[in-house]
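Numbers restart at 1 for each chain; the letters A, B, ... are given by sequence-line order, proteins then strands. Side chains are part of it too, since the values below use all heavy atoms of this structure and drop only hydrogens, waters and symmetry mates.
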Amino acid sequence: MPELPEVETTKRGIAPHIEGKRVSRVHVRQGKLRWPVSPEIEQQLPGLIIHRVKRRAKYLLLETDQGTLIIHLGMSGSLRIVDAAVEPEKHEHIDIVLDGNSCLRYKDPRRFGCFLWSAGAIEEHKLIQHLGPEPLSDVFTIDDFYPKARNKKTPIKSFIMDGKVVVGVGNIYASEALFRSGIHPNRPATHISKARMTQLVSDIKTILSQAIEQGGTTLKDFVNSDGKPGYFQQTLNVYGRAKKPCSTCDTPIKQVTIGQRSTFYCPHCQH
DNA sequence: CTTTGCACCTGTTGGC
DNA sequence: TGCCAACAGGTGCAAA
């Protein structure tokens, strides 16, 4: 399950193989994803050229002259480039076959992802239009972030995972960023000083950038578009490390639930 | 309008 | 060893 670094890694992995190529045919073996696969993907996409692959939040956007294919990988989705003659494995639900018979193949055991078609301006699409700033862009700043936290009693961990605040901070990196900032995940967002929030903005950028550099986290079923795993999980300081010693102070890492999601922190280092 | 919890689905894990 | 409940990377949306 892809967090933002995995989506970015996937984008970088597939883009060289599909940008500028024409779609020859599409196979949808299982169209029941989070929402039904848009019919345009089978009916209109063949014949069109994928000019460019972009990413917005955790959405991958494949641009054509007639519209944009919006792909989300959900919890368990992955994309790989494979020869179209290769027999699909279990849960490989969709093929976008390109001229030359290479194929963008989508696998998603839990089917929480989506394949949707946007004919109009992508920034006006329902799923895209209300998204907050990209964490790695220069529009994600303390001057944007801090005012949003005023009077928000929600735990800071939930706050940074809210896509209207900032996109792309998933469950793993939320815990990791807060550890780096020394902030307790349950602290109400409004009760954090501007100085500490400034540090948090910086740490979110650092954590995500590092993960992208290292090729994305591989947990369970995520596989790069190359079929090679990433290695960032070896660098995780708190996520998945309940009862193990803190890398800084040796205090056992605690696991709690915040907003129905597992959360990890060091009770000595984070306040 | 804001906040909370559910729902979607399959596969893996851990406790008894 | 086997069974079954609990849990897993996301997030839109209905309900409160």
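- Heavy-atom distances under 4.0 Å link DNA chain B to A/Q260 of residues 259-266 of chain A, given in residue order.
- The aromatic ring of A/F112 stacks onto the base of B/dC8, its centre lying under 5.5 Å from the centre of the six-membered base ring with the two planes under 30° apart.
- At the phosphate of B/dG11, OP1 or OP2 sits under 4.0 Å from a side-chain N or O atom of A/H91.
- A donor-acceptor pair shorter than 3.5 Å cannot be found between the side chains of A/T235 and A/Q210.
- Within residues 153-164 of chain A, no residue places a heavy atom under 4.0 Å from DNA chain C.
- Between A/L104 atom CG and A/L62 atom CG the span is 6.5 Å, to the nearest 0.5 Å.
- For the pair A/L33 CG and C/dT11 P, the computed distance is 15 Å after rounding to whole Å.
- Aromatic ring centres of A/F159 and A/F145 lie closer together than 6.0 Å.
- The side-chain tip of A/R241 does not point at the ring of A/Y239 from less than 6.0 angstrom away and within 45° of straight on.
- Going from the P atom of C/dT1 to that of B/dG11 covers 23 Å, rounded to whole Å.
- Listed by residue number, there are no residues of residues 114-124 of chain A with a heavy-atom contact under 4.0 Å to DNA chain C.
- The closest side-chain donor-acceptor pair between A/K152 and A/T190, if any, does not fall under 3.5 angstrom.
- Listed candidates were B/dT3, B/dC9, C/dG10. Nearest to the side chain of A/R110 is B/dC9.
- Atom NZ of A/K254 has 12 or fewer neighbouring heavy atoms from other residues, nucleotides or ligands inside a 6.0 Å radius.
- Within a 6.0 Å radius of NE2 in A/H51, more than 12 heavy atoms belonging to other residues, nucleotides or ligands are found.
- In this structure A/K32 satisfies the side chain to side chain donor-acceptor pair (under 3.5 Å) test with no other residue, sequence neighbours excluded.
- Atom pair A/R111:CZ and C/dT11:P shows a separation of 19 Å (rounding to whole Å applied).
- To the nearest whole angstrom, the two P atoms, one in B/dC9 and one in C/dC4, are 22 Å apart.
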Can you tabulate the close N/O pairs, meaning under 3.5 Å, that link protein atoms to atoms of nucleotides 13-15 of chain C?
from: C/dC13; atom 1: OP1; to: A/K126; atom 2: NZ; distance (Å): 3.1

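- Of the side-chain N and O atoms in A/H72, one or more sit less than 4.0 angstrom from OP1 or OP2 of C/dT11.
- Per the geometry, CG belonging to A/L4 stands 15 Å off C1' belonging to C/dT11, to the nearest Å.
- Side-chain atoms of A/T263 and A/Q255 form no donor-acceptor pair, as typed in the model, at a separation below 3.5 Å.
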If pairs are Watson-Crick or G-U with both distances under 3.5 Å, what is the dot-bracket string of DNA chain B, marking crossing pairs with [ ] and pairs to another strand with |? .|||||||.|||||||
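- You'll find that the side chain of A/Y59 is closest to C/dG12, out of C/dG12, B/dG11, C/dT11.
- As a whole-Å value, the separation of A/D108 CG from C/dG10 P is 13 Å.
- When each of A/L98, A/D99, A/N101 is tested with A/S24 by the rule side chain to side chain contact (heavy atoms under 4.5 Å, CB included), just one qualifies, namely A/D99.
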Does the pair A/Y265 and A/F179 meet the rule for a ring pair (Phe, Tyr, Trp, His ring centres under 6.0 Å), with working shown? CA-CA 6 Å; A/Y265 69 99; A/F179 173 77; over 10 Å; no
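- Between A/I258 atom CD1 and C/dT11 atom C1' there is a gap of 18 Å when expressed in whole angstrom units.
- Note on A/K90: only backbone sugar-phosphate atoms sit closer than 4.0 angstrom, heavy atoms only; bases stay farther off.
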